[in-house]
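All remarks here apply to the structure that follows.
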Amino acid sequence: VLSPSWRMEDISSGINAEYGDTRCQKDCDEWNNSKRIRFGQGFLRIAGSLVGSRHMVCAGNFQVKPANVQARLKWVMENVPKAKLLYEDRKLCFGTLDTWLIYKLTGGATWATDYTNAAATGIYDLWACKWCPVMTKVFANPIEALPPVLDCNSCFGTVSAELNLGFSAPILGVVADQQASLIGNKLFCEGDTKLTLGTSLACDRVTGSHVHHEATEAYPQIAWKLAGEPVCYMAESMTMESRGKFLDLLVSGGVLEKIEDADKVVASVKFSELNEFSYDEQGNPPPGFPSDQLTDDPNAKVSLTRAVLDTHAIRGAEIVYKVAQFYGQPDRLIVDGGASASTYILECLASLAATTEEHPHLKTEIYKSECRDGSILGAYYMAGLGLGRWASLRDIDSSKNLVKINPSGIVNEKFLKMKFIDWIIKSNLRACGLF
């Protein structure tokens, strides 16, 4: 989620603190390591468990990261002098990326966001469905500068003719990225689960009309909110690292001509002939990646390609495991995103999903979505709801174009499962502060 800020009277200027901005990392570390905060969160977790309050448990598990909007807004207000001055003059407003786009497209006529983007900021109360006064006060975020929150299929204004785009049309739907992917893949029922293999990796599971929060690694979000209908929630686990960049590096480093060639390269050499390359638990590539020495050796080229694909699959399986562990085992998992073009990655996931003894939670059928860009299709469906083409999500054709993935032998299952088990063990130890 982005948090641009701008002058109300001048939408061409702004103060940007984007998704990948880490200037507030120091503030985040101080918050998370504060003895007072840790004591308070421990109390909330214990008290919440005793009284059965998931709201309290959720607050007790909260960790501040640079990706959280409230941390970046706090940094802006403390480190950008003109931001504070503009706020004092009531000429400053904050918003997510969609807010900024809507504001610019409507020529400043509409300043708003939707439920899904608001929920992703970390300062929106998922239970009360409003900006959280406690969180905004704790992080000194000016709540008056936050935009109104509308239903996803609301009319968000009309594209201004002054932009000279050659048309003027109403903006009839707004929805966040992963939520749009759920809708695009027609996953409307409680328990429906998908994994997106894109720039980052995200596993999302529809949880229905109630907020569920059972773990620190799989957190609640709003899946959608339509006019006249209750909020639909979801659970999400994702990696904040940019996994897709490693696949791109294979191309830019000369290891592959294009990403689609990865499956052919991996299949060209037997597993026993491969050199060993692996990523560490944080997903960092081998030293010197990529290098001329690697691309000159055919076996090394295959080994490196397999290491990238293995890591992509194992990290994806890990976040699916976290969701399944706390929210129940999905009968099937829909996979989309750019990396879903790799049959090898999908078969790795299918092999791990078939691990019944070691990890019964992963006994799940894997399906590839024929629509790799589910978010685009989801935005189309939301606009159709706003236009009135469909009265509700239930009216959208529920048929899905899916391809079931079964292991074909190109994956060394024994090695992959051992690697995955080792990854999960180390991940759990890190979560406990023991690794």
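Starting from 1, each residue takes its place in the sequence as its number. Predicted, not measured: the structure shown is a model, and the values here were computed from it.
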Check: Phe156 main-chain N/O paired with Thr110 side-chain donor or acceptor under 3.5 Å: yes
Thr121 side chain near Thr96 side chain, heavy-atom distance below 4.5 Å: yes
Non-hydrogen side-chain atoms of Leu92 and Lys84 separated by less than 4.5 Å: no
Leu195 vs Leu349 side-chain heavy atoms within contact, under 4.5 Å: yes
Any donor-acceptor pair under 3.5 Å from Tyr124 side chain to Cys129 backbone: yes
Which atom of Val175 lies closest to which atom of Ala379, heavy atoms considered: CG1-CA, 4.3 Å
Shortest non-hydrogen separation from Ala118 to Trp131 and the atoms involved: CB-CH2, 3.8 Å
Whether Asp373 side chain and Ile376 backbone form a donor-acceptor pair below 3.5 Å: no
Approximate separation, where rounding is to 0.5 Å, of Ile314 CD1 and Ile319 CD1: 13.0 Å
Short side-chain to backbone donor-acceptor contact, Lys186 and Asp397, under 3.5 Å: yes
N/O donor-acceptor pair under 3.5 Å between Ser209 side chain and Cys232 backbone: no
Heavy-atom pair with the smallest gap, counting every atom of Cys24 and Arg72: SG-CG, 3.7 Å
Which residues share a side chain to side chain donor-acceptor pair (under 3.5 Å) with Asp114, sequence neighbours left out: Thr116, Asn117
Heavy-atom check, side chain of Ile123 versus side chain of Leu146, under 4.5 Å: yes
From CA spacing to verdict: side-chain contact (heavy atoms from CB on, under 4.5 Å), Asp192, Leu182: CA-CA 9 Å; Asp192 285 350; Leu182 279 173; 5.7 Å; no
Side chain proximity check, Glu347 to Ile405, heavy atoms < 4.5 angstrom: yes
OG1-CG distance between Thr113 and Leu150, expressed to the nearest 0.5 angstrom: 8.0 Å
Validation row: Ile222, Gln179 side chains within 4.5 angstrom (heavy atoms): no
Under 3.5 Å: donor-acceptor pair, side chain of Asp263, backbone of Tyr344: yes
Side-chain donor or acceptor of Ser34 paired with backbone N/O of Glu30 under 3.5 Å: no
Listed pairs under 3.5 Å, donor-acceptor, residues 385-396 side chains, sequence neighbours left out:
| from | atom 1 | to | atom 2 | distance (Å) |
| --- | --- | --- | --- | --- |
| Arg389 | NH1 | Tyr380 | OH | 2.5 |
| Ser392 | OG | Arg394 | N | 3.4 |
| Asp395 | OD2 | Ala391 | N | 3.2 |
| Asp395 | OD2 | Ser392 | N | 3.2 |

Between CG on residue Asp27 and CH2 on residue Trp75, distance to nearest 0.5 Å: 9.5 Å
Intermediate values then yes/no, side-chain contact (heavy atoms from CB on, under 4.5 Å), Ser160 and Thr106: CA-CA 5 Å; Ser160 174; Thr106 61; 5.8 Å; no
Pairing residues for Glu144 by the side chain to side chain donor-acceptor pair (under 3.5 Å) criterion, not counting sequence neighbours: Tyr87
Between OH on residue Tyr381 and CZ on residue Phe188, distance to nearest 0.5 Å: 7.0 Å
Check: Thr193 side chain, Arg205 main-chain N or O, donor-acceptor pair, under 3.5 Å: no
Residues that Glu78 engages under salt bridge (charged side-chain N to carboxylate O under 4.0 Å, His left out), provided they are two or more places apart: Lys74
Asp98 side chain vs Ala176 backbone, donor-acceptor pair below 3.5 Å: no
Taking every non-hydrogen atom, the tightest pair across Ser237 and Val323: CB-CG2, 3.6 Å
Over-ring placement of Arg332 relative to Tyr367, 6.0 Å and 45° cut-offs: yes
Point-to-point distance, once rounded to the nearest 0.5 Å, from NZ of Lys368 to CG of Leu402: 11.5 Å
Trp31 and Phe139 aromatic ring geometry - parallel, tilted or perpendicular at 30°/60° bounds: tilted
Modelled atom types, side-chain donor and acceptor of Ser181 and Asp336, under 3.5 Å: yes
Interatomic spacing from CG in Asn141 to CG in Leu73 - rounded to 0.5 Å: 4.5 Å
Pairs involving residues 221-230, ordered by first then second residue, that meet salt bridge (charged side-chain N to carboxylate O under 4.0 Å, His left out) (sequence neighbours left out): Asp151-Lys225
Where Ile366 and Leu346 come nearest, the two heavy atoms and their spacing: CG2-O, 4.4 Å
Side chain proximity check, Val320 to Thr364, heavy atoms < 4.5 angstrom: no
Residue pair Ser375 / Asp177: nearest heavy atoms and the distance that separates them: OG-OD1, 2.6 Å
With a cut-off of 3.5 Å and sequence neighbours excluded, list every side-chain donor-acceptor pair involving residues 39-52.
| from | atom 1 | to | atom 2 | distance (Å) |
| --- | --- | --- | --- | --- |
| Gln41 | NE2 | Ala59 | O | 3.4 |
| Gln41 | NE2 | Phe62 | O | 2.6 |
| Arg45 | NH1 | Gly60 | O | 2.6 |
| Ser49 | OG | Arg45 | O | 2.8 |

N/O donor-acceptor pair under 3.5 Å between Tyr233 side chain and Leu126 backbone: yes
